[in-house]
Each structure stands twice: as structure tokens, then as C-alpha cells.
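A quick write-up on the structure given underneath.
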Amino acid sequence: MSNVYVMDHPLIQHKIGLIRREETGSRDFRALVSEIATLMCYEATRDLKLEDVKIKTPICETTAKQLEGKKLAIIPILRAGIGMVEGMLVLIPAAKVGHIGLYRDPETLEPVEYYCKLPADCDEREVFVVDPMVATGGSSAAAIDLLKAKGVKKIRFLCIIAAPEGVERMQREHPDVDLYIGALDDHLNDHGYIVPGLGDAGDRIFGTK
Ligand code: PRP
Ligand code: URA
């Protein structure tokens with residue numbers, strides 16, 4: 001069974017409180033989503049493997065640490081996942097970035113794929129999939145299906161707000177994927193929106209409504 005980490009860091013909780021407010025406009029919303037992504041990235045990279053490397057300081061030779069392999073990738077689910085990429089890159093600037101385009105059909109709530117461009121060597125990388133929202137879990141599960149079909153083996157998923165329904169689906173369909181969640185909300189409403197949630201993340205990031 002996958003690990004589910006719900007972030008309890010006070011800065012993350014404070015900033016999530018701000019993006020939930022309906023009066024928060026797109027400029028502040030975007031900036032806060034990016035800051036939350038940086039803080040979540042710090043937590044989600046806590047157990048990356050290190051290796052010893054011999055270096056020379058201005059004083060003497062010594063053994064220092066470096067990330068083992070250094071092969072990371074960030075894959076946002078379009079559109080809203082784009083809002084988390086810059087914040088992740090602040091801490092892991094050498095990561096490659098791929099994109100998976102999925103939107104949720106408003107009637108069926110099923111994910112529809114419209115774009116996929118991944119790093120050529122993504123099957124050799126440890127991948128961080130990012131999307132601010134996991135509601136039914138349909139989009140996140142489909143994105144991971146797609147990555148696994150391309151041979152990706154090490155996947156972590158970061159989202160800012162999740163519904164219990166989506167977390168259950170992810171655990172059922174992808175028990176090997178660890179989930180890093182900013183806040184675990186109460187339930188989904190009849191339109192598949194997270195309650196209390198923050199509304200439509202993509203529209204709020206890009207100002208499209
Ligand atoms: C939102 C969100 C997730 C998805 C979550 O995207 O960013 O990708 O819904 O819902 P689910 O867990 O029920 O699949 P949306 O489909 O609204 O597309 P957008 O990012 O282009 O606005
Ligand atoms: N997608 C969103 O952007 N918000 C929700 O509450 C559910 C799905």
C-alpha cells in the first residue's frame with residue numbers, strides 16, 4: 001500500500017487557507033500555489049537517496065554528499081499542474097519537465113487525454129507528478145497509467161487538496177505511488193467538486209472564469 005503524507009507544516013496550511021478564499025485573485029493565487037509547491041517539494045524529497053563523493057574544499061580533500069543518480073522529472077497535469085512547476089524547480093532546478101494534458105469531461109467526470117510530451121529518458125527518472133487537485137482521482141490515475149505504460153517505475157504524486165474519494169482510488173489503482181497531500185478535504189459535491197476545496201484550480205490560476 002502506498003504512503004499518504006498529509007502536510008502539517010504551518011506555512012503550507014496558512015497558504016492553503018489563503019488560496020481557498022474566494023476573494024483571492026489570480027495573481028495572488030498563482031504566487032501562493034507556487035510557494036506551496038516549493039514547500040511541498042521540500043517535504044516530498046526528504047528521503048531521496050544520497051551518495052558519497054570525494055571533493056576538494058579550499059582547505060583539504062573530503063567526502064561530501066550528492067543526490068544519487070540525480071535523475072528527476074516533474075510532470076504537471078495540464079492545465080492546473082503548470083502552476084506548481086516553477087515552485088518545484090526552485091528546489092530541483094536540474095529536473096526535466098514533461099507535460100500530460102488531461103481535462104475532466106464535465107458530464108461524465110472521466111479524464112480526456114489531449115497532450116503528452118515527456119522527457120525521452122523518463123523511464124530512467126524518478127518522477128514527481130503534480131496537480132493541485134485530486135477529486136475523483138480519475139485524472140491522476142490516468143496520468144500514472146500513461147507514465148507506467150511508458151516504463152516509468154518510480155512515481156510520487158503531489159497535490160495541494162485531495163478528496164477522500166480520490167485518495168482511495170489512487171491507493172486502489174496505484175498502491176506503489178506515494179501521495180503527498182497539502183490538505184485532505186471532506187467530500188465531493190454532486191458536480192465532482194471538492195468540498196470545501198477552492199473551486200476550479202485551472203480557472204483560478206489562469207483567470208479563465
Ligand atoms: C482539474 C484538476 C485535476 C482534475 C481533478 O482539472 O486540475 O486535473 O480536475 O479532478 P479528478 O480527480 O476528478 O479527475 P480540469 O479537468 O478542471 O482541467 P484544467 O486543469 O484544464 O482546468
Ligand atoms: N478540479 C478542480 O479544479 N477543483 C475541484 O474541486 C475538483 C476538480
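Every number for a ligand or one of its atoms is a count from 1 in the order of the listing. Sequence positions, counted from 1, serve as the residue numbers for this chain. Any value given below was found using the heavy atoms of this structure, including those in side chains, with hydrogens, waters and symmetry copies removed. Treat the numbers as computed from the prediction; the structure is a model and nothing was measured.
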message: Side chain or backbone, does Ser140 bring an N or O within less than 3.5 Å of an N or O on ligand 1?
response: no
task: Could you tell me whether the side chain of Pro164 reaches within less than 4.5 Å of the side chain of His187, counting heavy atoms only?
output: no
message: Below 4.0 Å, non-hydrogen atoms only: which portion of Ala135 touches ligand 1? Side chain, backbone, both or neither.
response: both
- prompt: Does the pair Lys148/Asp176 count as a salt bridge with the N-to-O cut at 4.0 Å?
  reply: yes
- prompt: Going through the checks in order, is the salt bridge (Lys or Arg N to Asp or Glu O under 4.0 Å) test met by Glu126 and Arg156?
  reply: CA-CA 8 Å; Glu126 179 148 4; Arg156 302 172 192 226; 2.8 Å; yes
query: Taking everything shown except Phe206 itself, do over 12 heavy atoms lie less than 6.0 Å from its CZ?
result: yes
query: Taking 4.0 angstrom as the limit, do Asp28 and Arg21 come out as a salt bridge?
result: no
- prompt: Does any N/O atom on Leu109 come nearer than 3.5 Å to any N/O atom on ligand 1?
  reply: no
task: Provide the number and element of each atom of ligand 1 under 4.0 Å from a heavy atom of Arg104.
output: 10 (O), 11 (P), 13 (O), 14 (O), 16 (O)
field: Thr45 side, atom OG1; Leu72 side, atom CG - distance, nearest 0.5 Å
entry: 8.5 Å
message: List ligand 1 atoms under 4.0 Å from Gly202, heavy atoms only on the residue side.
response: 22 (O)
- line: Among non-hydrogen protein atoms, atom 5 (C) of ligand 2 lies closest to Tyr193 CD2, 3.4 Å
query: Nearest to atom 21 (O) of ligand 1, what protein heavy atom do you find, and at what distance?
result: Arg79 NE, 3.0 Å
message: Here's a test for you: under ring pair (Phe, Tyr, Trp, His ring centres under 6.0 Å), which of Tyr5, Phe128, Tyr42, Phe157 qualifies with Tyr180?
response: Tyr5
query: Which ligand 1 atoms, with their elements, are less than 4.0 angstrom from a heavy-atom of Gly138?
result: 12 (O), 14 (O)
query: Does atom 5 (C) of ligand 1 have a protein heavy-atom neighbour under 4.0 Å away?
result: yes
statement: The atoms of ligand 1 lying under 4.0 Å from a heavy atom of Asp200, numbered in the order shown, are 17 (O), 22 (O)
statement: ligand 1 atoms nearer than 4.0 angstrom to some heavy atom of Tyr103 are 16 (O)
field: Heteroatom proximity flag, Ile194 to ligand 2, N/O under 3.5 Å
entry: yes
message: Show, in sequence, the C-alpha distance, side-chain angles and deciding distance for Ile205 and Ile82, and conclude whether the side chain to side chain contact (heavy atoms under 4.5 Å, CB included) test is met.
response: CA-CA 9 Å; Ile205 289 171; Ile82 292 173; over 6 Å; no
query: Which is it for Thr136 and ligand 1 at heavy atoms under 4.0 Å: side chain, backbone, both or neither?
result: both
- line: Rounding to 0.5 Å, atoms OG (Ser34) and CE (Met84) come to a distance of 9.5 Å
field: ligand 2 contacted by Ala80 (non-hydrogen, < 4.0 Å)
entry: no
field: Distance under 6.0 Å and angle within 45° of ring axis: Arg104 vs Tyr114
entry: no
message: Could you work out, for atom 4 (N) of ligand 2, the closest of Gly197, Ala201, Ala135, Gly199 by heavy-atom distance?
response: Gly199
- request: Check step by step if salt bridge (Lys or Arg N to Asp or Glu O under 4.0 Å) holds for Asp145 and Lys150.
  value: CA-CA 9 Å; Asp145 281 340; Lys150 305 265 182 199; over 6 Å; no
- prompt: Quick one: which ligand 1 atoms are inside 4.0 Å of a heavy atom on Met133?
  reply: 2 (C), 3 (C), 5 (C)
- request: For atom 8 (O) of ligand 1, state which one of Ile194, Asp131, Ile205, Leu78 supplies the nearest heavy atom.
  value: Asp131
task: Give the atoms of ligand 1, by number and element, whose distance to some non-hydrogen atom of Ser139 is under 4.0 Å.
output: 4 (C), 8 (O), 11 (P), 14 (O)
task: Give yes if a backbone or side-chain nitrogen or oxygen of Tyr114 is under 3.5 Å from a nitrogen or oxygen of ligand 1, and no if not.
output: no
- prompt: With side chains defined as the heavy atoms from C-beta onward, is the minimum distance between Leu158 and Val129 less than 4.5 Å?
  reply: no
task: Using non-hydrogen atoms of the residue, decide whether Arg104 is closer than 4.0 angstrom to ligand 2.
output: yes
field: For the student: nearest non-hydrogen atoms of Leu146 and Cys116, plus distance
entry: CD2-SG, 3.3 Å
Short N or O distance, Ala80 and ligand 1, threshold 3.5 Å exclusive: yes
statement: For Gly192, the atoms of ligand 2 under 4.0 Å from one of its heavy atoms are 7 (C)
